[in-house]
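For reference, the structure is listed below as structure tokens.
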Amino acid sequence: MGLLTIIRKNRLKEKEMRILFLGLDNAGKTTILKKLNGEDISGISPTLGFNIKTFVHGKYTLNVWDVGGQRTLRPYWRNYFEQTDALVWVVDSGDRMRMQDCKEELHSLLLEDRLAGASLLIFANKQDIQGSMTCAEIRDALDLSSIKSHHWKILPCSAVTGENLIAGLDWVVGDVADRIYYGSSSALPTNPQTAEVVVS
């Protein structure tokens with residue numbers, strides 16, 4: 001019995017997933033997680049290290065790592081890559097000035113070996129704010145169409161209203177489950193790109 005088979009059987013028994021929430025500072029990562037967990041979202045301060053949330057979604061236990069996005073903290077992101085099943089990249093849809101920075105950081109992450117094959121959800125957050133960029137604009141600004149190495153999906157959302165947060169979690173959990181718990185030994189199918197844009 002190969003090591004991969006043993007790992008797969010252990011994971012099957014545990015039904016656990018490790019999800020990493022990343023994005024530039026002030027994108028709304030912590031607010032999204034608190035909203036999903038039914039916590040108070042007033043008075044949230046910047047994350048200066050990391051937060052860990054563990055909660056059950058469907059029949060899976062999710063271990064979610066929320067890591068601060070300030071420029072000084074980004075070199076430390078790599079400390080959290082190990083055994084990541086999914087990456088949730090949170091974008092401030094109103095922050096047009098930093099879209100290039102956002103794009104460069106995301107594409108740099110996707111080159112990391114330890115994130116190879118991880119499901120990728122892009123949350124276009126702050127859709128409740130007037131003048132925010134649409135999903136189509138963000139898809140183009142981040143050059144998502146060029147991503148062939150990961151399953152990905154972009155969803156408009158609002159951490160304040162809760163719009164599409166559960167839908168995003170459903171997609172991430174479903175995509176990881178298909179790959180880890182039901183899929184074959186190959187990490188990705190021949191054409192991994194989902195390239196799906198959902199417009200509210």
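Numbers for residues simply follow the sequence, beginning at 1.
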Original post:
Does a donor on one side chain and an acceptor on the other come within less than 3.5 Å for Gln127 and Ser158?
Top reply: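 The answer is no; no qualifying pair exists.
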Determine the minimum heavy-atom distance between [X] and [Y], stating which atoms define it.
X: Thr47; Y: Gln70; result: O-OE1, 3.2 Å
X: Thr84; Y: Ala118; result: O-CB, 4.0 Å
X: Lys29; Y: Leu24; result: NZ-O, 3.0 Å
X: Val91; Y: Cys102; result: CG2-SG, 4.0 Å
X: Asn164; Y: Pro156; result: ND2-O, 2.8 Å
X: Ala159; Y: Ile32; result: CB-CG1, 3.5 Å

Subject >> Verdict with supporting geometry, Lys126 and Asp92, salt bridge (charged side-chain N to carboxylate O under 4.0 Å, His left out) >> reply: CA-CA 6 Å; Lys126 306 192 183 182; Asp92 179 347; 3.2 Å; yes
Side-chain heavy atoms under 4.5 angstrom apart, residues restricted to Ile, Leu, Val, Met, Phe, Trp, Tyr: same cluster for [X] and [Y]?
X: Met133; Y: Ile129; value: no
X: Val90; Y: Tyr76; value: no
X: Leu115; Y: Phe50; value: yes
X: Val88; Y: Val160; value: no
X: Leu110; Y: Leu144; value: yes

**OP:** Step by step, work out the side chain to side chain donor-acceptor pair (under 3.5 Å) result for Thr30 and Asp66.
**Re:** CA-CA 7 Å; Thr30 303; Asp66 161 29; 2.6 Å; yes
Subject >> side chain to side chain contact (heavy atoms under 4.5 Å, CB included) between Asn63 and Lys53, worked out >> reply: CA-CA 6 Å; Asn63 297 309; Lys53 298 277 185 193; over 6 Å; no
Subject >> From CA spacing to verdict: side chain to side chain contact (heavy atoms under 4.5 Å, CB included), Asp95, Asn26 >> reply: CA-CA 9 Å; Asp95 193 358; Asn26 200 40; over 6 Å; no
Note, [X] side chain near [Y] side chain (heavy atom, < 4.5 Å):
X: Leu62; Y: Val173; answer: yes
X: Asp170; Y: Ile166; answer: yes
X: Leu120; Y: Leu106; answer: yes

Original post:
Can a salt bridge be assigned to the pair Asp40 and Lys35 using a cut-off of 4.0 Å between side-chain N and carboxylate O?
Top reply: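 No salt bridge links Asp40 with Lys35.
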**OP:** Answer yes when Asp101 and Arg74 have at least one side-chain N-carboxylate O distance shorter than 4.0 Å, and no when they do not.
**Re:**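 Salt bridge present between Asp101 and Arg74.
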Original post:
How are the rings of Trp65 and Tyr80 set to each other: parallel, tilted or perpendicular (split at 30° and 60°)?
Top reply: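 Rings of Trp65 and Tyr80: tilted, as their planes differ by 30° to 60°.
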Subject >> Under 3.5 Å: donor-acceptor pair, side chain of Ser132, backbone of Ser93 >> reply: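 No, Ser132 side chain to Ser93 backbone: no donor-acceptor pair under 3.5 Å.
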Subject >> Side-chain (Arg71) to main-chain (Asp25) donor-acceptor, under 3.5 angstrom >> reply: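 No; zero donor-acceptor contacts below 3.5 Å.
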**OP:** In sequence, state the C-alpha distance, the side-chain angles, and the governing distance for Ser119 and Lys153, and then conclude on side chain to side chain contact (heavy atoms under 4.5 Å, CB included).
**Re:** CA-CA 9 Å; Ser119 304; Lys153 185 185 188 84; over 6 Å; no
**OP:** Apply salt bridge (Lys or Arg N to Asp or Glu O under 4.0 Å) to Glu112 and list each qualifying residue two or more places apart in sequence or on a separate chain.
**Re:**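 Applying salt bridge (Lys or Arg N to Asp or Glu O under 4.0 Å) to Glu112 gives Arg78.
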**OP:** List for me each residue that meets side chain to side chain donor-acceptor pair (under 3.5 Å) alongside Arg114, sequence neighbours excluded, and say none if there are none.
**Re:**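 Side chain to side chain donor-acceptor pair (under 3.5 Å) list for Arg114, sorted by chain: Glu82.
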Original post:
Please walk me through it: do Glu163 and Asp128 pass side chain to side chain contact (heavy atoms under 4.5 Å, CB included)?
Top reply: CA-CA 9 Å; Glu163 175 200 3; Asp128 53 306; over 6 Å; no
